[in-house]
Each structure stands twice: as C-alpha cells, then as structure tokens.
Amino acid sequence: MRSLEINGNLDSKRKLVMTLYWINRKTATIEGCAPFLIQRIKTERTTHVAEDGKFLKFSEGVLGDVLTDMDELKMVEFDINFGNEDIKASIHEDILSVSLSRTKELEDEIIEKLRYESERKYPRVCSKFYRRLGIN
C-alpha cells in the first residue's frame, strides 16, 4: 500500500473524483478496456455494496455519505475491481492510500500522479468521468 498526504485546498468532492479518476486512468494502462467497477464503499455510517455484476454509482445518498465523512476527516474505503486487478483505496483526513493486488509498481505511478495533480489549483479530470461515477 502506498500513501500520499494532500495539503492542497481541494474540497472533498474534487479530492474524491481526482483519486478515483487517476486510479482508473493509470490502471487502464495495464487492464485496457476492462470495466472499472466500484464494488464497495465503506464510511463511518454505512457500507454501500454493488449488486452482482454491476458497479456502485454515487447516488445522492451515497455521495452525501462519502462527502460528509471526508469533510469530517473520517475514513472512507473503496473496493474496486478493474479487469484482473483488485484495488483498495482509502481517504482518511488528508491521506490518500492505494493498494493493488497484482501490479504493485503501479501504486507508485498512481501516487506520483495524485501528488502532481493535487498541487495544481484545478486537478485534471475528464468531465465525462463525473457522469460515469453518477455524480452530477
């Protein structure tokens, strides 16, 4: 598991989307066009689980739960499947952590990209990625 402390002034929503976007983008270099499936999101209040064969989208309730915990600096954990790669990510206080099951060297690439993007005033994220996650 690799971690990064983000000291920038990113709001919780930008931090969340930036983290998931760059995990997706960097892992796609290995896994190609396989689906990026968020299978579980665990917050302090509840655990959200995707239905079999589907991925979890950020409905208003799920997004609200995640952002509230992030704003309160509580742990939010994500289990993601991308092709043959199982990914665990978490955001706690200002620490982002990521762990990949197969391609450990990719963890460094993801963390370095997140470090670079978090230092920008507006991190680069494809606008279509918000819709993919179910975020308006």
Side-chain angles (χ1 to χ4, degrees):
M1 177 173 280
R2 301 280 296 148
S3 298
L4 163 70
E5 184 172 4
I6 293 185
N7 295 319
N9 54 357
L10 293 175
D11 65 25
S12 294
K13 189 174 184 179
R14 276 197 183 145
K15 193 183 299 183
L16 169 68
V17 174
M18 177 190 73
T19 300
L20 295 175
Y21 178 74
W22 287 106
I23 289 172
N24 175 310
R25 184 113 184 248
K26 289 294 184 178
T27 308
T29 62
I30 303 294
E31 295 298 324
C33 295
F36 179 80
L37 305 173
I38 300 173
Q39 296 180 315
R40 183 180 71 95
I41 300 172
K42 183 178 181 211
T43 66
E44 180 112 341
R45 294 173 212 11
T46 190
T47 300
H48 306 277
V49 180
E51 296 176 26
D52 284 340
K54 296 186 177 183
F55 71 98
L56 193 56
K57 285 199 174 198
F58 285 90
S59 65
E60 193 172 310
V62 173
L63 182 61
D65 193 23
V66 169
L67 295 179
T68 297
D69 274 16
M70 288 177 65
D71 288 341
E72 294 174 359
L73 304 178
K74 295 177 181 171
M75 174 82 77
V76 179
E77 299 173 346
F78 304 90
D79 290 345
I80 302 165
N81 177 267
F82 196 146
N84 293 319
E85 194 73 69
D86 291 317
I87 305 161
K88 295 198 179 293
S90 65
I91 302 172
H92 183 233
E93 297 177 355
D94 286 330
I95 307 291
L96 303 175
S97 300
V98 64
S99 174
L100 282 76
S101 62
R102 293 184 12 181
T103 318
K104 295 294 185 184
E105 60 274 8
L106 197 55
E107 292 174 9
D108 291 327
E109 287 183 40
I110 292 168
I111 290 298
E112 286 308 311
K113 188 61 178 177
L114 287 170
R115 175 177 286 114
Y116 174 76
E117 292 296 328
S118 68
E119 292 170 355
R120 297 170 54 98
K121 185 173 182 178
Y122 298 105
R124 284 185 289 210
V125 174
C126 175
S127 60
K128 292 179 182 178
F129 193 68
Y130 284 84
R131 285 196 313 266
R132 262 187 83 193
L133 294 175
I135 298 173
N136 298 323

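Small disclaimer: the values here were computed from a predicted structure and weren't measured.
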Holding to side chain to side chain contact (heavy atoms under 4.5 Å, CB included), I want the full list of residues that pass it with [X], two or more places apart in sequence or in another chain.
{"X": "R25", "value": "Y21, W22"}
{"X": "D108", "value": "R2"}
{"X": "D11", "value": "K13, R14"}

For [X], enumerate each residue passing the side chain to side chain donor-acceptor pair (under 3.5 Å) test, keeping only those at least two apart in sequence or located in another chain.
{"X": "D79", "result": "R40, K88"}
{"X": "S97", "result": "S3"}
{"X": "R102", "result": "none"}

Please report, to 0.1 Å, the donor-acceptor pairs under 3.5 Å made by any side chain of residues 127-136, with sequence neighbours excluded.
none

Excluding Y122, membership of its hydrophobic cluster (Ile, Leu, Val, Met, Phe, Trp, Tyr; side-chain heavy atoms within less than 4.5 Å) reads none
Apart from L37 itself, members of its ILVMFWY cluster (side-chain separation under 4.5 Å) are F55
- Should we say atom CD of E60 is surrounded by more than 12 heavy atoms from elsewhere, each under 6.0 Å from it?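 No, the 6.0 Å shell around CD holds no more than 12 heavy atoms from other groups.
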In short, side-chain hydrogen bond (donor to acceptor under 3.5 Å, both in side chains) pairs touching residues 47-56 with sequence neighbours left out are H48-D65
Quick one: side chains of residues 67-76, donor-acceptor pairs under 3.5 Å with protein atoms, not counting sequence neighbours, listed by atom name and distance.
{"from": "T68", "atom 1": "OG1", "to": "G64", "atom 2": "O", "distance (Å)": "2.7"}
{"from": "D69", "atom 1": "OD1", "to": "R45", "atom 2": "NH1", "distance (Å)": "2.5"}
{"from": "D69", "atom 1": "OD1", "to": "R45", "atom 2": "NH2", "distance (Å)": "3.4"}
{"from": "D69", "atom 1": "OD2", "to": "E44", "atom 2": "N", "distance (Å)": "2.6"}
{"from": "D71", "atom 1": "OD1", "to": "S12", "atom 2": "OG", "distance (Å)": "2.5"}
{"from": "E72", "atom 1": "OE1", "to": "K74", "atom 2": "NZ", "distance (Å)": "2.9"}

The complete set of ring-ring contact (aromatic ring centres under 6.0 Å, His included) pairs with one or both residues in residues 73-117, sequence neighbours excluded, reads F36-F82
